[in-house]
> 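Take a look at the following structure, please.
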Amino acid sequence: MKKNKILYETKEYKDIKEMIQDTVKKYKDNIAFTLKEKIGENISYKEITYSQMYEDVKALGTALISLGLKDKRIAIISNNRYEWCISYIATLCGVGVIVPLDKSLPEGEIESLLQRSYSDAVIFENKYDEIMKKIKLNNNTKIKYYISMNKKEDEENAISLEKLINNGKKLLNDGNREYEEAKIDEEKMSVILFTSGTTSVSKAVMLSHKNIISNINSLNAVVKVYKTDKNLAFLPLHHTFGSTAQLFFMNNGATTAFCDGLKHIQQNLKEYKITIFVCVPLLLEAMNKKILKEIDKKGKTKLIKIVTKITNILLKVGIDIRRKVFKEIINNLGGELRLAVSGAAGIDKTVAKNFNDFGIRTIQGYGLTETSPVLTAENDKYIKYGSVGFPLKDVEIKIDNPNEEKIGEIIAKGPNIMLGYYENEEATNEVLKNGWFYTGDLGYIDDKGYLFITGRKKNVIVMKNGKNIYPEELELLVSKLPYVSENMIFGIPTKEEDLDLGLKIVYNKEYVEETYPNIEIEKLKDIIWSDIKKINKTMPPYKYVRELYITDEPMIKTTTQKIKRFEEIKKILQNN
């Protein structure tokens with residue numbers, strides 16, 4: 001597959017430390033972070049410049065080395081916050097190996113991953129105080145230092161991160177330059193990231209500076225971020241999509257604010273005048289449904305369609321009036337949003353088109369934890385709805401063993417491909433073959449070179465007649481129904497030793513109650529069935545949905561919000 005064109009001239013960094021130092025030099029007085037501080041009912045905002053941020057990073061790195069943690073492994077677990085960012089950067093840029101842990105993990109899994117990673121220290125927020133006390137008491141890990149993000153003073157069970165930073169500043173003032181002068185081996189393992197799943201099946205991905213910085217170098221070549229941009233850190237920073245995107249925005253001098261939670265996104269977009277928002281498709285799809293619902297309520301659906309056609313015609317001759325015409329819609333999203341980036345799963349192409357039509361550049365990317373993470377992306381010039389764009393400039397993509405529809409497994413090669421799975425040679429050899437990484441995802445490349453994802457290899461439903469059904473394709477159609485929050489297509493064994501297609505829908509309770517007040521569940525199911533039959537008619541008979549299950553209870557998911565299909569299928573078959 002041909003490589004992506006370079007749209008912008010960029011500086012090539014060899015490691016993250018060099019990138020951070022260059023960023024601070026260029027944008028030292030720019031606001032790196034805006035922090036919200038709550039005391040009772042009073043809310044205030046604290047701004048931290050890039051130079052102030054780097055002083056904290058150097059001080060923390062110096063203090064961690066003074067504790068004897070040079071070349072050691074440091075785990076980190078918390079919600080997205082400033083202390084997470086400086087702990088991550090400080091460890092990476094001169095201390096040792098960083099081990100970001102999923103903030104949603106239960107107690108037993110946290111302890112297990114601390115054991116499996118052989119972490120020597122853990123930095124955590126107060127939410128985990130009791131868990132860390134128990135882990136310390138159990139004494140089953142290598143952890144020597146428990147470091148609290150919240151404590152002002154050292155205590156019996158944890159030392160204070162704030163006090164560590166202050167100690168580091170004193171050491172720096174006394175001339176300690178060990179951290180600042182630490183050399184980076186860009187080829188060496190610097191990050192251990194656990195994939196989502198239970199501890200028995202989660203794999204520990206080993207990433208290097210070279211892996212991550214190559215991704216940032218490549219993103220800089222195709223997506224323009226300005227020093228005036230403001231980013232809302234919504235995606236979990238322990239996820240490589242969240243952390244690499246954060247470093248990418250910082251490299252361009254943007255300001256970061258932290259999201260208060262799913263329910264507060266709209267408020268946060270307005271509060272911080274956010275211009276860039278990186279999220280998962282489910283969120284953009286929910287936002288789109290809300291926008292269309294408001295348009296429909298005001299009786300403007302037909303008008304919006306007409307105006308969209310006119311603005312798109314004008315756009316072809318270089319006249320862009322979208323943001324003026326759709327000002328009311330943009331104002332509902334904070335008023336300043338200019339770029340939305342969607343990843344982690346496929347987005348409904350009509351959703352992406354709607355946002356772009358309103359004047360909010362919306363691009364889709366594709367990648368995995370193992371690829372640091374981005375492999376392909378649409379960009380500032382090239383967008384094709386339904387695709388995930390072109391490969392980044394240093395990435396090569398091929399389709400392995402394509403079928404008659406040209407669909408096969410997506411394999412990739414490039415400097416962003418992981419070193420392997422930690423202490424799991426068998427799993428590493430399964431996915432890394434002759435320099436190629438086998439993604440486990442299925443897709444095809446069109447004649448223009450755009451990559452399209454059709455689904456996960458392990459999710460494919462194979463019918464008796466040999467036909468393959470990619471559940472994600474049907475799920476995308478079902479997700480367009482206004483009352484659908486989540487849905488899952490799966491195979492149900494029949495007496496003929498074949499499979500029927502089943503569909504589970506989690507309906508939006510609020511929407512249903514508002515649209516169909518006091519409706520009985522069976523009548524609601526009849527309404528849904530009539531919509532599913534309409535979808536069936538657009539498909540060949542072997543793709544017809546034959547069984548329907550509805551509920552308002554969320555499905556079982558991984559901590560990265562992907563449905564655990566096999567657990568869900570087992571649950572459905574047991575209960576029916």
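Reckoned from all heavy atoms, side chains included, excluding hydrogens, waters and symmetry mates.
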> Using atom types as modelled and distance alone, determine if a side-chain donor or acceptor of Thr371 lies under 3.5 Å from a backbone N or O of Leu368.
yes
> Applying salt bridge (Lys or Arg N to Asp or Glu O under 4.0 Å), can you list everything that pairs with Lys270, at least two apart in sequence or on another chain?
none
> Which residues satisfy the salt bridge (Lys or Arg N to Asp or Glu O under 4.0 Å) test with Asp552, sequence neighbours excluded?
Lys509
> Would you find a donor on one side and an acceptor on the other, under 3.5 Å apart, between the side chain of Glu125 and the backbone of Asn79?
yes
> Taking ring pair (Phe, Tyr, Trp, His ring centres under 6.0 Å) as the cut-off, I'd like each qualifying pair that reaches into residues 513-532, sequence neighbours left out, listed once.
none
> Under 3.5 Å, which donor-acceptor pairs link side chains of residues 301-315 to any protein atom two or more places apart or in another chain?
| from | atom 1 | to | atom 2 | distance (Å) |
| --- | --- | --- | --- | --- |
| Thr301 | OG1 | Asp296 | OD1 | 3.3 |
| Thr308 | OG1 | Ile304 | O | 2.7 |
| Thr311 | OG1 | Val307 | O | 3.3 |
| Thr311 | OG1 | Thr308 | O | 2.9 |
| Asn312 | ND2 | Thr308 | O | 3.4 |
| Asn312 | ND2 | Asp357 | OD1 | 3.3 |

> For the backbone of Gln246 and the side chain of Asn231, can you confirm whether one donor and one acceptor N or O come within less than 3.5 Å of each other?
no
> Using modelled atom types only, decide if a donor and an acceptor are shared between the side chain of Ser342 and the backbone of Val280 within a distance under 3.5 Å.
no
> Distance-only, no hydrogens or angles: does the Asn416 side chain make a donor-acceptor pair with backbone N or O of Asn211 under 3.5 Å?
no
> Can a donor-acceptor pair be found, under 3.5 Å and without considering hydrogens, that links the side chain of Glu409 to the backbone of Gly440?
yes
> What residues, two or more places apart in sequence or in another chain, satisfy ring pair (Phe, Tyr, Trp, His ring centres under 6.0 Å) together with Phe358?
Phe326
> Would you say the side-chain atoms of Ser218 pair up with the backbone N or O of Asn215, donor to acceptor, closer than 3.5 Å?
no
> With sequence neighbours excluded, tell me which residues meet ring pair (Phe, Tyr, Trp, His ring centres under 6.0 Å) with Phe249.
none
> If you count the non-hydrogen atoms of other residues, nucleotides and ligands that lie under 6.0 Å from NZ in Lys127, is the total more than 12?
yes
> Report the residues that fulfil ring pair (Phe, Tyr, Trp, His ring centres under 6.0 Å) with Phe277, sequence neighbours left out, ordered by chain and then residue number.
Phe234
> For Lys543, give me all partners under salt bridge (Lys or Arg N to Asp or Glu O under 4.0 Å), at least two apart in sequence or on another chain.
Glu473
> Does anything in residues 313-326 form a salt bridge (charged side-chain N to carboxylate O under 4.0 Å, His left out)? List the pairs, not counting sequence neighbours.
Asp320-Arg322
> Who are the side chain to side chain donor-acceptor pair (under 3.5 Å) partners of Glu486, not counting sequence neighbours?
Lys557
> Under a 3.5 Å threshold, yes or no: a donor from one side chain and an acceptor from the other, between Asn288 and Glu285?
no
> With a 4.0 Å cut-off on N to O distance, would you call Glu475 and Arg565 a salt bridge?
yes
> My understanding is that only residues two or more places apart in sequence, or in another chain, count here; which of them pass ring pair (Phe, Tyr, Trp, His ring centres under 6.0 Å) with Tyr444?
Phe452
> Answer yes or no: is there a donor N or O on one side and an acceptor on the other, between the side chain of Glu547 and the main chain of Ile492, under 3.5 Å?
no
> Between Lys36 and Asp260, is there a donor-acceptor pair closer than 3.5 Å when you use the side chain of the first and the backbone of the second?
no
> Please confirm whether Lys224 makes a cation-pi placement over Tyr8, using NZ or CZ under 6.0 Å from the six-membered ring centre and within 45° of the ring normal.
yes
> What residues, two or more places apart in sequence or in another chain, satisfy salt bridge (Lys or Arg N to Asp or Glu O under 4.0 Å) together with Glu514?
Lys293, Lys297
> Using only atom types and a distance under 3.5 Å, with no angle test, would you say the side chain of Ser112 pairs donor to acceptor with the backbone of Gly108?
no
> Does the distance from a Lys or Arg side-chain N to an Asp or Glu carboxylate O, for Glu568 and Lys504, drop under 4.0 Å?
yes
> Looking just at side-chain N and O atoms, do Thr275 and Asp229 make a donor-acceptor pair shorter than 3.5 Å?
yes
